[in-house]
Q: 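Handing you a structure now.
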There are 2 protein chains.
Amino acid sequence: MNIGEAAKISGVTPKLIRHYESIGIIPKATRSVSGYRTYSAADVHILSFVKRSRTLGFSMKEIKKLVSLWRNKSRASLDVKNMALAHIDDMEKKIADLQEMVKTLKHLSKNCHGDNRPDCPILNDLAQPL
Amino acid sequence: MNIGEAAKISGVTPKLIRHYESIGIIPKATRSVSGYRTYSAADVHILSFVKRSRTLGFSMKEIKKLVSLWRNKSRASLDVKNMALAHIDDMEKKIADLQEMVKTLKHLSKNCHGDNRPDCPILNDLAQPL
DNA sequence: TATTGACCTTCCCATGATGGTAAGGAGTAA
DNA sequence: TTACTCCTTACCATCATGGGAAGGTCAATA
């Protein structure tokens, strides 16, 4: 099948499929006589794997490793688990950061009249040297 | 003062100060005879404002608006509050997304032996067409 | 057969916020 | 004068993705 159909099935746009190929996430596609990329069901499976990994927030660098682990039948599940745990850690840090910001902003917003008057605790906070 | 000192006081690197100037977040700095940027306490105050706004997760686009509201003495606090509330919404969406990913990955990790064996529920999930 | 329209190709540029580096000028102190 | 630190601009990199241009291919239809 051509890149368009592979894109529809995998949920990865043609644009991104080419990009993934260029940075070595996926193997180089075979080509038709006229130069079109051609994909097998196995190729589409890799693309779906990448898509799902992105959905779970893994970076392309991590996904590159995940794909190679997936294709290596003698992998140790420990390696995969460690990647997952590290990624969970990263995300939990991000969540904590965001929650802190939300907390602060909610507090400031609560004290802001939110009317025509210029006085505003939010701006006062921002203008305060940290 | 020169850009280096303004950077130390405000916590914004010289690199970023120049960048902020170039994209119009802060007014163009006055220059010394030899071309060095010079900053007043008021200029540094703007930089601190930007820094604090970044700390609260606002985008540069939003900060541009916040700065202009801050400097507009006849602003309506409603405008500021609405920006804050919209930003809170954005962040809460991001938090929810991250929490969903964490939840899924934690579940998968719990079921992964994490040893020398290749069998791995995490990879099985990733390989599953969504 | 000629044309059309949908698909494919490569190449370059843009995003957003930040960092790095290189090449060169300015300021100051020994 | 040398040496060192600071400043200047300009370009490139990151990360994942999207947009668009210019041109080739394929299949169906007029």
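Here is the naming used below: chain letters follow the sequence lines, and residue numbers restart at 1 for every chain. The structure presented is a predicted model; accordingly, all values stated were derived computationally and were not measured.
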Q: For A:Ser32 and for B:Glu5, locate the closest nucleotide of DNA chain D by heavy-atom distance; then report the residue assigned to the nucleotide nearer the 5' terminus.
A: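 Its nearest nucleotide lies further toward 5', so the answer is B:Glu5.
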Q: Would you check if B:Met1 and B:Ile9 make a side-chain contact, meaning some heavy-atom pair closer than 4.5 Å?
A: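 SC-SC contact between B:Met1 and B:Ile9 confirmed.
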Q: Are A:Lys94 and A:Gln99 close enough that some pair of their side-chain heavy atoms sits under 4.5 Å apart?
A: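 The answer is no, as the side chains (C-beta and beyond) never meet within the 4.5 Å cut-off.
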Q: Taking OH from B:Tyr36 and P from D:dT5, how many angstroms apart are they, rounded to a whole number?
A: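 Whole-Å distance recorded here is 14 Å.
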Q: Rounded to whole Å, please give me the gap between CD1 in A:Ile17 and C1' in C:dC8.
A: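 It is 12 Å, rounded to the nearest whole Å.
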Q: Quick one: B:Glu21 CD to D:dC7 C1', roughly how many Å, whole number?
A: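 Checked: the CD to C1' distance equals 13 Å.
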Q: Can you classify the ring geometry of B:Trp70 versus B:His45 as parallel (below 30°), tilted (30 to 60°) or perpendicular (above 60°)?
A: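 If you compare the ring of B:Trp70 with that of B:His45, the planes turn out perpendicular.
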Q: Can a side-chain donor-acceptor contact be found between B:Asp119 and A:Ser77 if the only test is distance below 3.5 angstrom?
A: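 No, because no side-chain N or O of A:Ser77 sits under 3.5 Å from a partner of the opposite role on B:Asp119.
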Q: Rounded to the Å, how far apart are A:Lys64 NZ and D:dA16 P?
A: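 The distance from NZ of A:Lys64 to P of D:dA16 comes to 11 Å, rounded to the nearest Å.
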Q: Rounding to 10 degrees, work out the angle separating the end axes of the helix from C:dT1-D:dA30 to C:dA30-D:dT1 (five pairs an end).
A: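 The value is 40°.
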Q: The criterion is side-chain contact (heavy atoms from CB on, under 4.5 Å); which residues satisfy it with B:Phe58, sequence neighbours excluded?
A: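 Scan of B:Phe58 (side-chain contact (heavy atoms from CB on, under 4.5 Å), adjacent residues dropped) gives A:Leu105, B:Ser53, B:Leu56, B:Glu62, B:Ile63, B:Leu66, B:His87.
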Q: With distance as the sole criterion, is a donor-acceptor pair present between the side chains of A:Ser48 and A:Ser10 under 3.5 Å?
A: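 There is no such pair between these side chains.
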Q: At their closest point, which heavy atom of A:Leu47 faces which heavy atom of A:Val12, and how far apart are they?
A: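 The answer is O-CG2, 3.7 Å.
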Q: Once each nucleotide of nucleotides 10-21 of chain C is scored for protein heavy atoms under 4.0 Å, what B/S/- sequence comes out, 5' to 3'?
A: BB-----SBBBB
Q: Strictly by modelled atom types, are A:Ser74 and A:Asn72 linked by a side-chain donor-acceptor pair under 3.5 Å?
A: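 Side-chain D/A pair, A:Ser74 to A:Asn72: present.
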